[in-house]
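Counting convention: from 1, in listed order, for ligands and their atoms alike. Nothing here was measured: the structure is a model prediction, and the numbers come from that model.
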Amino acid sequence: MEPRKELPKRIGFWLNEKKCKKFNVPEFVEECRKKNMEVIKLLLHEPLQPQGPFDVILHKITPIYAQALDANQEACLLASAFEQYLLSVPSVPVVDPVPALHTLLHRPATYALLHAITAHDDQVMTPPYVELPDTNMRTKKQLLAQAGVTFPIVCKPVFGCGGTAAHELAVVLSASRLTEWQGPCVAQSFVQHGAVLYKLYVLGDAWHLVVRPSLKNFRATDAPTVHFNSSKVSKADSCSPLTQLDQSDRAMRHPQPDNSVFDRIVRTVRESLSMDLLGIDVVIDSSSGQYAIIDVNPFPSYDSIADLMPCFATLLFEKIQQRSCGHVLSASSINDLLPARGGRRQDSAGIDIPALLRARGHLPRLQCGEDSRTDDSHEGNSSPNTITQATYNTEDARSSAAAAGGEENSCIQTDSSSTTNSKICSSSGKKNTSCDSNSFTDRKSCSSSGKKESNYGENDATVTMNTMNAAHEKTLNGRYRKELSENKGCIENAVFQTNGINVTLSHDNGISERKKTCDAAAKNVINSTDIKQNTNGPANIIAQNGIIMTSNGKRSDSSGIFDESQSKNDLKSDQNAQLNIKCTNIASKCCYELDEMQNEVHHITNNTITDGITHSLKGCLYSDQCEDDCAGYAEKHSKCDAYCNLDLASHTEGSCSCSPACDVSKTNVLCTYSAGSPSAAGASSSQPYPSHVMSSVSSSSTLQQR
Ligand SMILES: Nc1ncnc2c1ncn2[C@@H]1O[C@H](COP(=O)(O)OP(=O)(O)OP(=O)(O)O)[C@@H](O)[C@H]1O
Ligand SMILES: O=P(O)(O)O[C@H]1[C@H](OP(=O)(O)O)[C@@H](OP(=O)(O)O)[C@@H](O)[C@@H](O)[C@@H]1OP(=O)(O)O
């Protein structure tokens with residue numbers, strides 16, 4: 001007797017008509033058939049239960065979600081019915097789970113997640129962003145400043161999947177042009193990236209790299225807002241003028257892409273979302289070399305990927321084999337995003353993004369001693385700590401603290417899924433406190449003015465104040481676990497912000513008595529005794545508004561000026577620090593500028609760039625001195641305008657981005673511009689992206705098997 005042939009496995013499948021056409025369904029069905037799998041198109045308008053059972057479900061439901069968010073009642077019902085059905089078949093793998101799609105639909109949630117998961121990675125980030133509701137210009141400007149978002153900005157609809165409207169974007173080049181964007185949006189700092197977009201197409205454990213054209217380098221000017229549809233600029237065949245680099249930018253060297261970083265990005269994003277089908281859009285900051293994740297899409301086009309259908313069939317086959325895993329069950333529903341009273345959903349009002357990210361399982365609570373960073377440098381270190389509490393306050397600039405009573409040592413739960421949050425985690429103290437944004441105070445009282453001092457006891461843990469800027473959290477999260485593992489029970493960090501500018505202070509060495517002083521009136525003056533004992537530890541302080549401290553207790557004067565010899569010592573003693581303080585010296589004066597992305601202040605001594613890196617500085621430490629230097633500098637080196645780009649009128653908003661690098665070594669990258677030979681090299685205007693990038697990526701599509 002012939003062995004009975006196993007019944008085909010059943011794939012429940014739903015894509016809208018448009019996606020079906022692009023996806024090449026017949027080929028997909030054929031590849032599945034070869035693996036004894038049958039593809040059954042789900043009829044969303046009919047009860048789903050009788051259409052089953054299924055062994056796996058493959059779908060892209062996001063267009064229905066987009067319609068539901070647009071107040072389409074039928075779509076709301078279809079989406080809910082689909083979700084209910086998935087909940088009723090928890091053992092069936094779903095590609096991809098809907099909680100992750102809820103996050104990717106919603107740009108603020110996506111960026112909050114990206115921010116949280118890249119916080120420990122110095123090479124990878126998501127650009128500073130903030131959601132701007134439909135409100136007055138003053139509030140918008142304040143929100144941008146608080147979040148550290150700098151012009152130019154890219155304005156993106158808050159909900160980012162589905163219809164054409166979700167892909168209507170704009171580059172707003174200056175605050176005065178903000179009126180040219182209508183309605184709510186997510187505003188994200190524009191990253192200059194040489195018009196090269198790296199698309200990472202993730203398909204299960206494999207990913208593909210595709211290089212695409214992207215927006216050219218925009219700089220802050222008063223020029224009109226540039227409106228564009230994202231689907232027109234970054235396709236393989238796009239030939240938009242917006243992606244043609246200006247003549248002066250063509251000679252600029254673009255950092256070479258590193259596959260290991262892409263691999264890390266894929267792994268991190270995929271794991272946090274528990275998804276198999278992803279498009280991750282990455283640009284490389286031309287100045288800092290950082291990899292900026294600017295967008296994540298569910299079930300992307302996979303354009304130009306060879307052998308796509310066999311890969312899909314294999315993925316689904318494997319999902320069925322691993323069926324015991326089932327899909328991610330979570331209470332997450334599209335209804336969490338729909339307005340309670342019906343109508344269209346255009347902004348995040350009333351949505352608790354951190355809570356939703358946690359509920360969806362994207363931000364699991366960190367366990368004590370566990371190191372969630374992508375590097376393993378502290379693996380195995382554990383801390384006998386217990387998690388205390390992180391408190392979010394997205395509404396105002398106040399922080400609250402939660403102190404877990406009792407334990408000697410504690411583990412800090414930092415949960416950085418919001419750009420506008422405040423949190424204090426205090427482990428073993430017995431007091432709670434709440435603090436104002438403008439002062440760093442003791443545990444007993446907080447005030448926005450006046451000087452407060454406090455002795456911090458041995459058991460103090462981490463204090464994070466008013467971390468309203470992505471950069472703050474990056475600073476903290478990048479270190480706190482290391483500190484936990486190295487610290488015998490005493491960790492102190494303070495991160496706080498005044499006037500949209502960061503101050504970060506951390507302690508690492510378990511010293512029992514420390515003083516911290518913050519005088520709000522004097523704008524974040526931090527007493528050197530605060531950190532005098534940190535000479536050997538990875539403790540750093542970055543202060544702005546006139547005062548800079550280094551980890552060995554040296555401080556600048558109130559204009560942000562270090563004595564020359566002192567600053568050199570400071571640099572030396574900071575060599576072991578995870579964040580280095582560097583000082584910029586122009587013509588024996590100092591101008592300190594903060595690259596908010598990197599939390600680095602760069603040091604140029606005697607007109608030589610000491611760290612060998614040139615950066616597009618995103619923020620500026622303001623002191624009159626600094627401003628004078630910048631102004632004088634711009635005058636003398638008018639060819640450097642592109643980089644000096646001074647906007648003295650609005651300097652208090654942190655928009656000055658004078659780059660002293662223009663002046664110095666004529667051989668460095670930035671000096672390409674000041675050398676007056678902008679056309680020396682670069683791609684021809686017909687090339688979608690610079691030739692150096694093409695040569696670094698041997699083909700437009702590279703399969704990486706993890
Ligand atoms: N922060 C940024 N800095 C520089 N360029 C950006 C930034 N954000 C977006 N862009 C440019 O705008 C394009 C579209 O942005 P984004 O991917 O966020 O839009 P989208 O509508 O979500 O796109 P998709 O069609 O991939 O879903 C990018 O491909 C890139 O060229
Ligand atoms: O249709 P296209 O080829 O443009 O594919 C785009 C896809 O549309 P589709 O769902 O109809 O495939 C988009 O989905 P929604 O955000 O609109 O849901 C999004 O994933 C884009 O990033 C894709 O473009 P890619 O960047 O991968 O080229």
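Ser348 has its side chain within reach of Val158: a pair of non-hydrogen atoms, C-beta onward, lies under 4.5 Å apart.
For the pair Lys18 and ligand 2, the shortest N or O to N or O distance falls below 3.5 Å. Of the polar atoms of His167, at least one N or O is found under 3.5 Å from an N or O of ligand 2, judged by distance alone. Remark: ligand 1 and Val191 share an N or O pair separated by less than 3.5 Å (distance only, no angle test). The distance criterion of under 3.5 Å between nitrogen or oxygen atoms is not met by Lys235 with respect to ligand 1. For the pair Ser231 and ligand 1, the shortest N or O to N or O distance does not fall below 3.5 Å.
Remark: Arg345 does not engage Asp70 in a salt bridge, criterion side-chain N to carboxylate O under 4.0 Å. Ionic pairing of Arg219 and Asp249 is present here: one or more N-O contacts between side-chain nitrogen and carboxylate oxygen are shorter than 4.0 angstrom. In summary, Lys156 and Asp295 do not engage in a salt bridge, as defined by a charged side-chain N under 4.0 Å from a carboxylate O. Between Arg212 and Asp281 there is no salt bridge, since none of the side-chain N atoms of the basic residue sits less than 4.0 Å from a carboxylate O of the acidic one. Asp303 has no carboxylate O lying under 4.0 Å from a charged side-chain N of Lys235, or vice versa, which leaves the two without a salt bridge. For the pair Glu271 and Arg264, the salt-bridge criterion is not met [side-chain N within less than 4.0 Å of a carboxylate O].
The distance from ligand 1 to the heavy atoms of Asp281 drops below 4.0 Å at these ligand atoms: 17 (O), 26 (O). In summary, the atoms of ligand 1 found under 4.0 Å from a heavy atom of Leu197, numbered by their order in the structure, are 29 (O). Counting atoms of ligand 1 from 1 in the listed order, those under 4.0 Å from a heavy atom of Ser214 are 30 (C), 31 (O). Using a 4.0 Å cut-off to heavy atoms of Gln188, the atoms of ligand 1 that qualify are 1 (N), 2 (C), 7 (C), 8 (N). Interface of Arg212 with ligand 2, defined as ligand atoms under 4.0 Å from a residue heavy atom, comprises 26 (O), 28 (O). Every atom of ligand 1 with a heavy atom of Ser230 under 4.0 Å away is listed here by number and element: 14 (C), 19 (O), 20 (P), 21 (O), 23 (O), 25 (O). Taking every heavy atom of Leu169 and a limit of under 4.0 angstrom, the matching atoms of ligand 1 come to 14 (C), 15 (O), 16 (P), 19 (O), 21 (O). In the vicinity of Arg107, heavy-atom distances shorter than 4.0 Å reach the ligand 1 atoms 18 (O), 19 (O), 20 (P), 21 (O), 22 (O).
Closest to atom 18 (O) of ligand 1 by heavy atom, among Gln192, Lys156, His167, is Lys156. Comparing Val233, Ile294, Asn229, Leu104 by heavy-atom distance to atom 28 (C) of ligand 1, the nearest is Ile294. Looking at Thr164, Thr110, Leu215, Ile293 and measuring to atom 11 (C) of ligand 1, the nearest heavy atom belongs to Leu215.
Aromatic ring pairs are classed by plane angle as parallel below 30°, tilted from 30° to 60° and perpendicular above 60°; the pair Phe312 and Phe23 is perpendicular.
By the 4.0 Å heavy-atom criterion, Phe23 is excluded from the residues contacting ligand 2. In this structure, Val283 falls outside the shell of residues with a heavy atom less than 4.0 angstrom from ligand 1. Between Lys199 and ligand 1 there is a heavy-atom distance shorter than 4.0 Å.
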Please lay out, stage by stage, how Leu242 and Phe218 fare under the test side-chain contact (heavy atoms from CB on, under 4.5 Å). CA-CA 9 Å; Leu242 297 179; Phe218 284 99; 4.1 Å; yes

